[in-house]
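The figures that follow rest on heavy atoms only: side chains count, while hydrogens, waters and symmetry mates do not.
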Number of protein chains: 2
Amino acid sequence: MELDEGKQKFIQSWGTLGSNWGINRTMAQIHALLLICPEALSAMEIKEQLNISMGNTNMNIRSLIDWGLVYKKLKPGERKEFFVAEKDMWEVVKKIVIQRKKRELEPVIKMLDEISAVQGHCEESDEFCKVVKDIKLFSNKADSILDKLIKADSNWFMKSFINLIK
Amino acid sequence: MELDEGKQKFIQSWGTLGSNWGINRTMAQIHALLLICPEALSAMEIKEQLNISMGNTNMNIRSLIDWGLVYKKLKPGERKEFFVAEKDMWEVVKKIVIQRKKRELEPVIKMLDEISAVQGHCEESDEFCKVVKDIKLFSNKADSILDKLIKADSNWFMKSFINLIK
DNA sequence: TTTTACTTTCAAAAGTTTCTGAAAGTTACA
DNA sequence: TGTAACTTTCAGAAACTTTTGAAAGTAAAA
């Protein structure tokens, strides 16, 4: 297989994967491009390689920086900004977990706390409270596991998990 | 808080959560409704409680059954079908993991195998191969962990994980 | 201070996904 | 076999998301 064909396949698939993970297609494609690039790229180079508009390029580079998946890199003597991707896969997963936990798990836990104030006087409210209690327990457990994963360093996690699954 | 207000909040939030997880909003809302319902409901009752069309109701009940999140239940003497949700949260998570693994992780692993045939003769292809190899390693690890999680039973998983993170 | 090289914003356009409801299909019983 | 009760399908409509590009903003260098 030719390098260019491989690059295209990789960028397209990473885009599809991303859009299933709350990362929009272009955002994931930019990340893919930077991942496989040995050099930092400028916004213009990214725009041209992916054939997308300036606005789209800029917006999605900013989102990637917000998520912590891409870093700005200034080259001495150059005025424009260059960008590099976070290449450690465990770091990438961690950054995504941090964002999604904040955006999804935390609001759910808040909602569950609110609705567990429902008073139970009938079969329907008993069932409701039971389900809410179950989900709360599960979510809190997930929250604490994710916190620990995020804080644990790459090696600790890998070693323990590998031991666990062997 | 009143039961009805709690129910509404729960159904809405579950819908939002679902749509971030490859489960469309209505599909997640139907699941939420069935989760908190002590009785099996018919398609008509679901349609009416959620105020959605017949077609939408039917389509999403079928998807929920495909995902294994909802079961058909026939009542003796009744011609129509009734539906109940899977209520064990760990089962719910497992079913979602099974589907998403099949739809997302497996195609990525296939793609990575294809593109690792790229020949390296320059800095660019070396970097490409290195990144692909890294992601392949990571994905295969994830795949095997998920397989083991899916096969392990609820208690084993919980006990080990709790021990691991304490 | 003016020019130039870049970055950011945002309203409208394009693209994608989801929902509707009428029509067709199925099944069970009289 | 006919009819009524229920389920499924699908094409178009509606809702939502992403992308574009022109215009405005910013800051370094001339």
Side-chain angles (χ1 to χ4, degrees), chain A residues 11-12 14-34 40-67 70-84 99-100 103-104, chain B residues 11-12 14-34 40-67 70-84 99-100 103-104:
Chain A
I11 291 169
Q12 294 313 313
W14 207 246
T16 306
L17 184 66
S19 60
N20 293 322
W21 278 88
I23 290 166
N24 96 26
R25 208 170 51 96
T26 307
M27 193 171 155
Q29 287 182 344
I30 295 175
H31 186 237
L33 177 63
L34 290 174
L41 295 178
S42 69
M44 196 50 72
E45 288 167 317
I46 293 170
K47 168 191 182 306
E48 269 152 22
Q49 289 221 37
L50 297 180
N51 235 297
I52 54 177
S53 72
M54 257 179 305
N56 197 11
T57 308
N58 180 70
M59 233 176 62
N60 285 296
I61 290 174
R62 297 309 133 190
S63 301
L64 283 165
I65 293 175
D66 286 348
W67 281 59
V70 160
Y71 308 111
K72 215 179 264 196
K73 193 177 174 186
L74 294 167
K75 286 192 188 175
E78 294 256 28
R79 183 153 156 206
K80 63 186 156 211
E81 295 172 324
F82 290 83
F83 305 95
V84 282
Q99 294 295 321
R100 302 202 73 184
R103 283 158 207 237
E104 294 165 37
Chain B
I11 291 170
Q12 295 313 312
W14 207 246
T16 306
L17 184 66
S19 59
N20 293 322
W21 277 89
I23 291 165
N24 94 26
R25 209 170 51 96
T26 307
M27 191 172 156
Q29 286 181 345
I30 294 176
H31 185 238
L33 177 63
L34 291 174
L41 295 179
S42 69
M44 196 50 73
E45 289 167 317
I46 293 170
K47 167 191 182 311
E48 269 152 23
Q49 289 219 38
L50 297 180
N51 235 296
I52 54 177
S53 72
M54 256 180 305
N56 195 12
T57 309
N58 179 69
M59 233 174 60
N60 283 296
I61 291 174
R62 297 311 133 188
S63 301
L64 282 164
I65 292 175
D66 286 348
W67 282 59
V70 161
Y71 309 110
K72 213 178 266 197
K73 193 177 176 185
L74 293 167
K75 287 192 189 176
E78 293 255 29
R79 182 152 157 209
K80 61 186 158 213
E81 297 172 322
F82 290 83
F83 305 97
V84 280
Q99 295 295 323
R100 302 202 71 185
R103 283 158 208 236
E104 293 164 36

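A:Ile52 has its CD1 atom 14 Å from the P atom of C:dT8, to the nearest Å. Taking atom CG of residue A:Asp66 and atom C1' of nucleotide C:dT8, one finds them 14 Å apart after rounding to whole Å. In this structure, the CD atom of A:Glu78 is 14 Å from the C1' atom of D:dA28, given to the nearest Å. Whole-Å rounding puts the B:Met59 CE to C:dG21 P distance at 14 Å. Between A:Glu81 atom CD and D:dA28 atom P the separation is 11 Å, expressed in whole Å. When rounded to the nearest whole Å, the span between CD1 of A:Ile61 and C1' of C:dT7 equals 10 Å. Rounded to whole angstrom, the span from the CD1 atom of A:Ile46 across to the P atom of D:dT20 amounts to 14 Å. B:Asn60 places its CG atom 15 Å from the P atom of D:dT7, with the value rounded to the nearest Å.
To the nearest 0.5 Å, atoms OG1 (B:Thr57) and CG (B:Leu50) are separated by 7.5 Å. With rounding to the nearest 0.5 angstrom, the CD atom of B:Gln49 is 6.0 Å from the CG atom of B:Leu41.
Comparing D:dT20, C:dT7, D:dA27 against the side chain of A:Arg62 picks out C:dT7 as the nearest. The side chain of A:Thr26 has D:dT18 as its nearest neighbour among D:dT8, C:dT20, D:dT18. Side-chain proximity of A:Asn24 to D:dT8, C:dT7, D:dT18: nearest is D:dT18. Taking only side-chain atoms of B:Lys80, from C-beta outward, the nucleotide of D:dT19, C:dT9, D:dC6 with the closest atom is D:dC6.
Taking 4.0 angstrom as the limit, A:Arg25 places none of its side-chain polar atoms (N or O) nearer than this to OP1 or OP2 of C:dG15. Listed pair A:Asn58 / C:dT7 fails the phosphate criterion, with no side-chain N or O lying under 4.0 Å from OP1 or OP2. Within the structure, a side-chain polar atom (N or O) of B:Asn56 is placed less than 4.0 Å from OP1 or OP2 of C:dT20.
With a 6.0 Å cutoff to the six-membered ring centre and a 45° limit on the axis angle, B:Lys73 does not count as a cation-pi contact of B:Phe82.
Other residues, nucleotides and ligands contribute more than 12 heavy atoms inside 6.0 Å of the CZ atom of A:Arg100.
A donor N or O paired with an acceptor N or O is found under 3.5 Å between the base of D:dA27 and the side-chain atoms of A:Arg79.
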Checklist entry - Under the side chain to side chain donor-acceptor pair (under 3.5 Å) criterion, do A:Ser42 and A:Glu45 qualify, and how do the steps go? => result CA-CA 5 Å; A:Ser42 69; A:Glu45 288 167 317; 3.3 Å; yes
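Nearest-nucleotide assignment on DNA chain D puts the 5′-proximal partner with B:Met44, out of A:Asn51 and B:Met44.
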